[in-house]
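Read through the structure below, which is laid out as structure tokens, and then see the notes.
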Amino acid sequence: MPELPEVETIRRGIEPIIRGRRINAVHILQPDLRWKVDTKAVQKWVTGQIITAVSRRSKCLVWKLSNDASLVIHLGMSGRIGLFSPDEEVEKHTHLIFDLQGNIQLRYRDPRRFGYVDVVPPGSLSNYKRFSLLGPEPLSDEFNGSYLQQKLSKSKRAVKTALLDMGVAAGVGNIYASEALFLAGIDPRRLASDLRQNEFDGLAEAVKQVLSHAIKKGGTTLNDFRNATGEPGFFQTELAVYDRKEQPCLKCGTAIEKVVIGGRSTYFCPVCQG
DNA sequence: AAACGCGCCTGCGGGC
DNA sequence: TGCCCGCAGGCGCGTT
């Protein structure tokens, strides 16, 4: 479900509410997520701390705590975060509940359990193993055409597959990879190494444009994405190709095609991206 | 060394 | 109506 714009939307929603609050207790109802939640580390480093900042790296939320530890939350495909009053019914697949100062509960729910919650001890976020292999943030200056050219000019993968590589562009997922390639006018099946410099430039710009526009719209809700207060996003009404198989291209009217690249559904306009 | 594809899970929608 | 199949927004890992 959540790619970079959806996670950023959640971050912006929860940050002003949870920052400055103490974590009074953490209830772990189901520790078996993608990786087992380290219950001892949660009790040692998280319980009792104050949340001092909420940031994002790739598709992860990162809570900075008052002891300089961090809590990393990944939502996988089906994860959600919600703010609740303690007396509200606990929904099925709720795996963690954070009791926050002020009688607020932040609940982590993930039916497919592809997400994870990880504790990073004080001072060690810069060596955190799950972040060490990530490429640059696509909305940073470091992510540009020269960077893509340097990273991909020898890569014999479909450019769509390369865009989905977290070591290339941290946080770009399947929806926005298709959308960015449409915006850049590049066929997703082309080998990354076949792109010219001006195409790498255009692709980097298209990625930035699609992601920032999606953030402005509060993310994409195809089925079940909701922000922390339960509201859907609105970018789905602006998707040019994703999930639009056989529908007319918004630019030229040609039917959008769906192919599978690297095992992932991929949508494109055979004319505009020809 | 890069690149592919498998598997982790549950839920849902479409076809029969 | 209900069952079964295929598919889903992610991503690490083993194998080639």
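These numbers come from a predicted model, not from an experiment. We use all heavy atoms of the structure for the numbers below, so side chains are in, but hydrogens, waters and symmetry mates are not.
The phosphate of B:dG11 has OP1 or OP2 within less than 4.0 Å of a side-chain N or O from A:K92. Put simply, A:K59 has a side-chain N or O that comes within less than 4.0 Å of OP1 or OP2 on C:dC11. Phosphate contact (OP1/OP2 of B:dA3, side-chain N/O of A:T161, threshold under 4.0 Å): absent. A sub-4.0 Å separation between OP1 or OP2 of B:dT10 and a side-chain N or O of A:R113 is present. Taking side-chain N and O atoms only, A:H93 has a distance below 4.0 Å to OP1 or OP2 of B:dG11.
Counting any heavy atom pair closer than 4.0 Å across all strands shown, A:Y176 reaches no nucleic acid atom. A:G173 comes within contact range of the sugar-phosphate backbone alone, with a heavy-atom separation under 4.0 Å but no base atom that close. Within the nucleic acid shown, A:D110 has no heavy atom closer than 4.0 Å to any nucleic acid atom.
One P atom belongs to C:dC11, the other to B:dA1, and the distance between them is 24 Å to the nearest Å. C:dG6 sits 14 Å from B:dC6 when the P atoms are compared, rounded to a whole Å. As rounded to the nearest Å, C:dG14 and B:dC9 have P atoms that lie 16 Å from one another.
For A:R112 against C:dA8, a side-chain-to-base donor-acceptor contact under 3.5 Å is present. Applying the 3.5 Å distance criterion, the base of B:dG11 shares no donor-acceptor pair with the side chain of A:D224.
The listed nucleotides are B:dG11, C:dC7, C:dG12; the one nearest the side chain of A:W35 is C:dG12. Distance from the side chain of A:R157 is smallest to B:dA3 among C:dC11, B:dA3, C:dA8.
Nucleotide B:dG14 forms a Watson-Crick or G-U wobble pair with C:dC4, both donor-acceptor distances falling under 3.5 Å. Base pairing analysis places C:dG9 opposite nothing; no Watson-Crick or G-U wobble pair with both distances below 3.5 Å involves it.
For the pair A:R244 and A:F182, the cation-pi test (distance below 6.0 Å, angle within 45°) is failed.
Taking atom CZ of residue A:R109 and atom C1' of nucleotide B:dG11, one finds them 11 Å apart after rounding to whole Å. When the C1' atom of C:dC11 is taken as reference, atom CZ of A:F131 falls 14 Å away, rounded to whole Å. In this structure, the CZ atom of A:R264 is 13 Å from the C1' atom of C:dG12, given to the nearest Å. In this structure, A:N174 atom CG and C:dC11 atom P are separated by 11 Å, rounded to whole Å. In this entry the distance linking OH of A:Y242 with P of C:dC7 reads 13 Å, nearest Å. Here B:dA2 presents its P atom at 11 Å from NZ of A:K154, a figure rounded to the nearest Å. In this structure, the CD atom of A:Q30 is 16 Å from the P atom of B:dC8, given to the nearest Å. Rounded to an integer number of Å, the gap from NZ of A:K258 to C1' of C:dC7 is 8 Å.
Minimum heavy-atom separation, A:A162 to A:L152: CB-CD2, 3.8 Å.
We find that A:R107 and A:E91 are not joined by a salt bridge, their nearest charged nitrogen and carboxylate oxygen being 4.0 Å or further apart. A salt bridge is defined here as a Lys NZ or Arg NE, NH1 or NH2 lying under 4.0 Å from an Asp or Glu carboxylate O, and A:R11 with A:E8 meets this definition.
Residues A:N223 and A:G263 both approach DNA chain B. Their nearest nucleotides, taken by heavy-atom distance, put A:G263 toward the 5′ side. Both A:L222 and A:R130 sit near DNA chain C, but only A:L222 has its closest nucleotide nearer the 5' end.
A donor-acceptor contact closer than 3.5 angstrom is absent between the side chains of A:Q247 and A:Y267.
Ring stacking holds between A:F114 and B:dC8, with the centres under 5.5 Å apart and the planes within 30 degrees of each other.
Just one of A:E179, A:K160, A:E3 meets the side chain to side chain donor-acceptor pair (under 3.5 Å) condition when paired with A:N174; it is A:K160.
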(request) Given side chain to side chain contact (heavy atoms under 4.5 Å, CB included), test A:K154 with A:S193 step by step and report yes or no. (result) CA-CA 5 Å; A:K154 294 195 170 66; A:S193 56; 5.8 Å; no

